Number of protein chains: 2
Amino acid sequence: MGVIEGKWKVSILWALGEGACRFGRLRRMLPGITEKVLASHLRELERDGMVTREEFAETVPKVEYSLTGPGIALNRALEPLGDWGKRHLLGG
Amino acid sequence: MGVIEGKWKVSILWALGEGACRFGRLRRMLPGITEKVLASHLRELERDGMVTREEFAETVPKVEYSLTGPGIALNRALEPLGDWGKRHLLGG
DNA sequence: GTGGGCACTATCCTGGCGGTAAGCGATCTC
DNA sequence: GAGATCGCTTACCGCCAGGATAGTGCCCAC
């Protein structure tokens with residue numbers, strides 16, 4: 001449970017589930033999240049082995065985040081929860 | 001997500017998944033939880049329609065909590081998460 | 001040369017979650 | 001009558017997750 005605790009962690013996981021993302025793109029995909037929170041959550045997810053951080057040493061700083069195997073599995077395990085939410089909270 | 005946020009809520013749901021329970025029994029099933037937290041979480045779960053509270057007017061106070069339909073569905077939706085946890089955190 | 005985008009980091013601040021402890025009102029036990 | 005059981009409620013406190021804001025170093029566009 002600790003792995004997904006944090007206000008935005010599940011959202012990050014879901015956003016990343018659609019494909020690898022850069023920091024700024026993630027931020028834009030998650031309206032309302034602050035950079036600090038995104039950065040710290042990303043770091044925790046990385047520490048827990050759910051995402052990988054790939055840094056590209058180019059003139060323009062570029063970092064890509066993507067789900068690891070366990071991260072993808074976690075996302076799948078989270079899917080029923082999303083379905084449940086849609087069914088019982090949104091869909092009546 | 002708000003429905004399962006709270007340090008002990010998932011544990012309560014799982015405990016209740018094994019059958020209806022009285023307050024004191026729940027407390028004993030969840031070592032470390034305080035009465036205040038159990039009571040407030042139970043109240044939130046009730047408000048969110050996940051559990052029912054049945055009060056029996058006997059000489060000895062008796063209250064039973066049980067999962068509602070959505071509560072049971074939530075529990076099921078939480079199962080994959082439990083499996084994932086066992087697989088990736090405990091089972092290597 | 002001024003401004004903006006990039007990916008952060010640092011600092012400060014606040015709310016509220018959760019822990020501790022105590023009380024209550026009836027009854028049953030020793 | 002002291003203590004325990006039962007299901008809470010109330011009051012208080014501490015901590016820290018998370019929000020707001022600003023700064024950094026490099027490069028590009030205007």
Side-chain angles (χ1 to χ4, degrees), chain A residues 1-16 18-68 71 74 78, chain B residues 1-16 18-68 71 74 78:
Chain A
M1 279 300 138
V3 176
I4 60 162
E5 94 184 351
K7 195 173 173 186
W8 293 90
K9 235 172 251 184
V10 175
S11 310
I12 294 174
L13 251 6
W14 283 348
L16 245 26
E18 297 175 14
C21 258
R22 300 177 54 179
F23 188 91
R25 200 151 125 69
L26 270 177
R27 196 201 331 147
R28 269 174 251 115
M29 288 173 77
L30 304 168
I33 198 172
T34 62
E35 298 186 337
K36 176 200 158 189
V37 171
L38 179 54
S40 71
H41 280 179
L42 243 15
R43 239 149 250 286
E44 284 174 37
L45 288 170
E46 192 196 354
R47 186 201 59 198
D48 291 336
M50 298 302 119
V51 308
T52 9
R53 210 181 90 103
E54 269 186 296
E55 202 164 334
F56 298 94
E58 303 179 9
T59 61
V60 171
K62 181 178 169 182
V63 181
E64 255 194 12
Y65 294 93
S66 50
L67 293 178
T68 62
L74 212 204
L78 248 18
Chain B
M1 280 301 137
V3 175
I4 60 163
E5 94 185 348
K7 194 173 173 187
W8 293 91
K9 236 172 250 183
V10 176
S11 311
I12 293 175
L13 251 7
W14 283 349
L16 243 27
E18 297 176 13
C21 259
R22 301 177 55 181
F23 187 91
R25 199 151 126 70
L26 270 176
R27 196 199 334 146
R28 269 173 251 118
M29 289 173 78
L30 303 167
I33 198 172
T34 62
E35 300 185 336
K36 175 199 157 189
V37 172
L38 179 54
S40 72
H41 280 182
L42 243 16
R43 239 149 248 285
E44 284 175 37
L45 288 170
E46 191 196 355
R47 186 201 58 198
D48 291 336
M50 299 303 119
V51 307
T52 10
R53 207 181 93 103
E54 270 187 294
E55 202 164 335
F56 298 94
E58 302 179 9
T59 62
V60 172
K62 181 179 171 184
V63 181
E64 253 193 14
Y65 293 92
S66 49
L67 293 178
T68 62
L74 212 205
L78 249 17

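Quick note on labels: first sequence line is chain A, next is B, and so on, each numbered from 1. Fair warning: this is a prediction, and the values are worked out from it, not measured in the lab. Hydrogens, waters and symmetry mates are skipped; everything else that's a heavy atom, side chains included, is used.
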Peer 1: Give one of base, sugar-phosphate or nothing for Tyr65(B), where a contact means two heavy atoms less than 4.0 Å apart.
Peer 2: sugar-phosphate

Peer 1: Using a cut-off of less than 4.0 Å, is there contact between a side-chain N or O of Arg28(A) and OP1 or OP2 of dC6(C)?
Peer 2: yes

Peer 1: To the nearest angstrom, how far is Leu38(B) atom CG from dA21(C) atom C1'?
Peer 2: 17 Å

Peer 1: Is a donor on one side and an acceptor on the other found under 3.5 Å between the side chain of Thr68(B) and the backbone of Gly49(B)?
Peer 2: yes

Peer 1: In whole angstrom, what separates Arg25(B)'s CZ from dT5(D)'s C1'?
Peer 2: 16 Å

Peer 1: Does a side-chain N-to-carboxylate-O contact under 4.0 Å join Glu5(A) and Lys7(B)?
Peer 2: no

Peer 1: Give a yes or no on whether a donor-acceptor pair under 3.5 Å exists between the nucleobase atoms of dG7(D), that is its base, and the side chain of Lys62(B).
Peer 2: no

Peer 1: With respect to the phosphate group of dC6(C), does any side-chain polar atom (N or O) of Arg22(A) fall under 4.0 Å of OP1 or OP2?
Peer 2: no

Peer 1: Identify which nucleotide among dT9(C), dG18(D), dT20(C) has an atom closest to any side-chain atom of Thr34(B), counting heavy atoms from C-beta outward.
Peer 2: dT20(C)

Peer 1: Can you check the Arg27(A) CZ to dT9(C) C1' distance for me, whole Å?
Peer 2: 14 Å

Peer 1: What contact category does Arg43(B) fall into here, base, sugar-phosphate, or nothing, at under 4.0 angstrom with non-hydrogen atoms?
Peer 2: sugar-phosphate

Peer 1: So among Leu45(B), Ile12(B), Leu74(B), Leu13(B), which one has a side chain to side chain contact (heavy atoms under 4.5 Å, CB included) with Leu67(B)?
Peer 2: Leu13(B)

Peer 1: dG19(C) phosphate, OP1 or OP2: any side-chain N/O from Lys7(B) under 4.0 angstrom?
Peer 2: yes

Peer 1: Return whichever of Thr59(A) or Arg53(B) has its heavy-atom-nearest nucleotide of DNA chain D closer to the 5' end.
Peer 2: Arg53(B)

Peer 1: When you measure from the side-chain N and O atoms of His41(B) to the phosphate of dC17(C), is any distance below 4.0 Å, counting only OP1 and OP2?
Peer 2: no

Peer 1: For Glu5(A) and dC17(C), give me the distance from atom CD to atom C1', rounded to whole Å.
Peer 2: 12 Å

Peer 1: Please report the interatomic distance CZ(Arg53(B)) to CZ(Arg47(B)), rounded to the nearest 0.5 Å.
Peer 2: 15.0 Å

Peer 1: I want to verify a distance call: between dC6(C), dA20(D), dT10(D), whose nearest atom is closest to the Lys36(A) side chain?
Peer 2: dA20(D)

